[in-house]
Amino acid sequence: MRIFDHPSFSDHEQVVFVADREAGLRGIIAVHNTVRGPALGGCRIWPYRDESEAVADVLRLSLGMTYKGAMADLPFGGGKMVVIADSATEKTPALLHAIGTAVDRMQGRYITGEDVGTTSDDMAEIAKKTDKVLGLPPSLGGSGDPSPSTARGCFAGIKASIQHLTGADDLSGATVAVQGLGHVGWRLCELLAGAGAVLVVTDIRPETVAKAAARFGARTVAPEEIYDVPADIFAPCALGAVLNDDTVPRLKMRMVAGSANNQLAAPTHAEMLRDRGILYAPDYVINAGGLIQLAGEYFGFGREELDRRLAGIGNTLLQVFETAQARGLSTHEAADRLAEQRLKREPAPTAQPSPERVDADGSRG
Ligand code: NAD
């Protein structure tokens, strides 16, 4: 397997293979860029078919974290860890401790957190071996589930998007088609309904869909029909690659603004959206609320600072939309260019971690 000329290799600073035979650890930590600060990104436990699949994932995901941190204006770079294992059957305390040891050996250049296949409780296990871990349970001084912050950041992004189109950020009477009623989607529905939006929802879990109909007075559609709904806004909050050759021509909405990661099947779909006159809020900009919450856990943001930064997602998006318009770019490309500009600037001053963190053994520090 080749790394330096791998299609997803993008001048990553460090790619480290880690192993512990007894604990069953086979993993890779990729530090993409630390210009703005230590590389932050979750630890994904996934039964990859082989090493090359894991390498492709860790290279791509760590690069994405660099761009996400830069656009959220956080003093963090981009990193990620992937572990080749089935989280349902192979995730043992020993494996989590070995992950913690591997993270600790990075000497602060990489900070880990939750991702697919890991939970807040797993972070508490990992924290027994390293303090370079975020997303701890509130009982250990962590910030807990990041989804409410992701939903709030997404809501701020939807308001900014409608403001860009209409000049006012008023959502009352606007129809929003929400795909996915999970941790983020459900909370987003609460915020949208509270702002007077009319909801059309879907999910693959019929009982959740029925609950949303009762709770929000939402109209419900089958999962495959959500792309054809006449609405003002499409909010994808379920899967990746939902903006593709099949769906983009079908959309009747004026804008796409939702929390899902990797919404574009390919960058060309951002251009297709632009050419159809549909405003696209780049996913990694609008869904940064969870990352902002983790930064708050690290630096000890108060409520006000967290609120200010989540609301700031709206302002960042307005800047992206204006840049795209001025330079004739897709909004996706405009976001990438802005992130790259931020990466060329002087590093953000390194703030100190909050002294309020409680270590896994119960001590503060
Ligand atoms: P979740 O697993 O809690 O919810 C996803 C929901 O989508 C589930 O209810 C699921 O049944 C539904 N779903 C799955 N396939 C579907 C389909 N084909 N059609 C309609 N619904 C479908 O996940 P989440 O934490 O709410 O995250 C949602 C999205 O936002 C994911 O793409 C995630 O990567 C992204 N995201 C989440 C966070 C966060 O803080 N949780 C942060 C950044 C990005």
Side-chain angles (χ1 to χ4, degrees), residues 40-44 46 57 60-61 64-65 67-69 71-72 74 76 78 80 87 113-120 123 134-135 142-158 176-192 199-213 215-216 218-229 234-244 246-247 250 256-265 281-297 306 309-310 313:
L40 174 62
C43 172
R44 177 167 296 196
W46 188 254
D57 216 24
R60 184 179 62 83
L61 293 168
M65 290 306 295
Y67 280 67
K68 192 166 180 162
M71 287 308 277
L74 294 171
F76 286 118
K80 207 82 181 182
S87 67
E114 277 177 61
D115 201 272
V116 176
T118 54
T119 64
S120 192
M123 296 307 118
L134 293 170
S143 59
D145 180 9
S147 311
S149 294
T150 305
R152 285 169 58 213
C154 193
F155 181 64
I158 289 176
V176 189
V178 181
Q179 179 186 47
L181 298 166
H183 289 91
V184 180
W186 185 271
R187 285 193 165 81
L188 182 63
C189 284
E190 288 176 339
L191 295 168
L192 292 167
L199 299 181
V200 183
V201 300
T202 193
D203 197 287
I204 51 169
R205 298 180 298 159
E207 66 290 355
T208 313
V209 173
K211 252 175 66 188
R215 169 84 167 72
F216 308 116
R219 183 160 86 80
T220 66
V221 295
E224 199 35 46
E225 289 167 13
I226 196 76
Y227 307 105
D228 305 303
V229 166
F234 175 41
C237 298
L239 311 163
V242 291
L243 301 171
N244 55 45
D246 169 47
T247 59
R250 286 161 61 187
V256 178
S259 75
N261 276 314
N262 305 316
Q263 292 172 30
L264 299 166
D283 47 13
Y284 70 86
V285 181
I286 194 170
N287 74 13
L291 181 65
I292 291 172
Q293 179 177 313
L294 285 187
E297 181 177 329
L306 184 65
R309 285 179 178 263
L310 292 177
I313 288 178

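Small disclaimer: the values here were computed from a predicted structure and weren't measured. We count ligands from 1, going down the list as the structure has it; atoms in each ligand are counted the same way. Atom set for the values below is all heavy atoms of this structure, side chains included, hydrogens, waters and symmetry mates excluded.
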Nearest-neighbour protein heavy atom for [atom], which is reported as residue plus atom name and distance:
atom	result
atom 35 (C) of ligand 1	S259 O, 3.3 Å
atom 43 (C) of ligand 1	N287 O, 3.6 Å
atom 34 (O) of ligand 1	N261 ND2, 2.9 Å
atom 25 (O) of ligand 1	H183 CB, 3.7 Å
atom 41 (N) of ligand 1	S147 OG, 3.3 Å
atom 16 (C) of ligand 1	I204 CG2, 3.7 Å
atom 26 (O) of ligand 1	V184 N, 2.8 Å

Hey, is atom 2 (O) of ligand 1 under 4.0 Å from any protein heavy atom?
no

Below 4.0 Å, non-hydrogen atoms only: which portion of [X] touches ligand 1? Side chain, backbone, both or neither.
X	value
D145	neither
C237	backbone
T150	side chain

Taking distance alone, with N or O pairs closer than 3.5 Å, would you say Q179 contacts ligand 1?
no

Backbone or side-chain N or O of K68 under 3.5 Å from ligand 1 N or O
no

Determine, using heavy atoms of T208 and all atoms of ligand 1, whether some pair is separated by less than 4.0 Å.
no

Quick one: does A238 get a heavy atom under 4.0 Å from ligand 1?
yes

Candidates L188, I313, L310 - the one meeting side-chain contact (heavy atoms from CB on, under 4.5 Å) with F155:
L188

Using modelled atom types and a 3.5 Å cut-off, is there a donor and acceptor pairing between side-chain atoms of E114 and backbone atoms of C43?
no

Just by distance, do the side chain of D203 and the backbone of L181 share a donor-acceptor pair under 3.5 Å?
yes

Is the closest side-chain heavy-atom distance between V221 and V201 below 4.5 Å?
no

With side chains defined as the heavy atoms from C-beta onward, is the minimum distance between T220 and T202 less than 4.5 Å?
no

Identify whether the distance between the nearest side-chain nitrogen and carboxylate oxygen of R250 and E224 falls below 4.0 Å.
yes

How long is the gap from CZ on R187 to OG1 on T150, to the nearest 0.5 Å?
10.0 Å

Under 3.5 Å, is there a donor-acceptor pair linking the side chains of N244 and T247?
yes

Regarding N261 and N287, is there a side-chain donor-to-acceptor distance under 3.5 Å anywhere?
yes

As a check for students: among A260, P223, G182, G258, identify the option with a heavy atom nearest to atom 19 (N) of ligand 1.
P223

With atom 11 (O) of ligand 1 as the reference point, say which of V209, N262, D203 has the nearest heavy atom.
D203

Relative to the ring of F234, is the ring of Y227 parallel (under 30°), tilted (30 to 60°) or perpendicular (over 60°)?
perpendicular

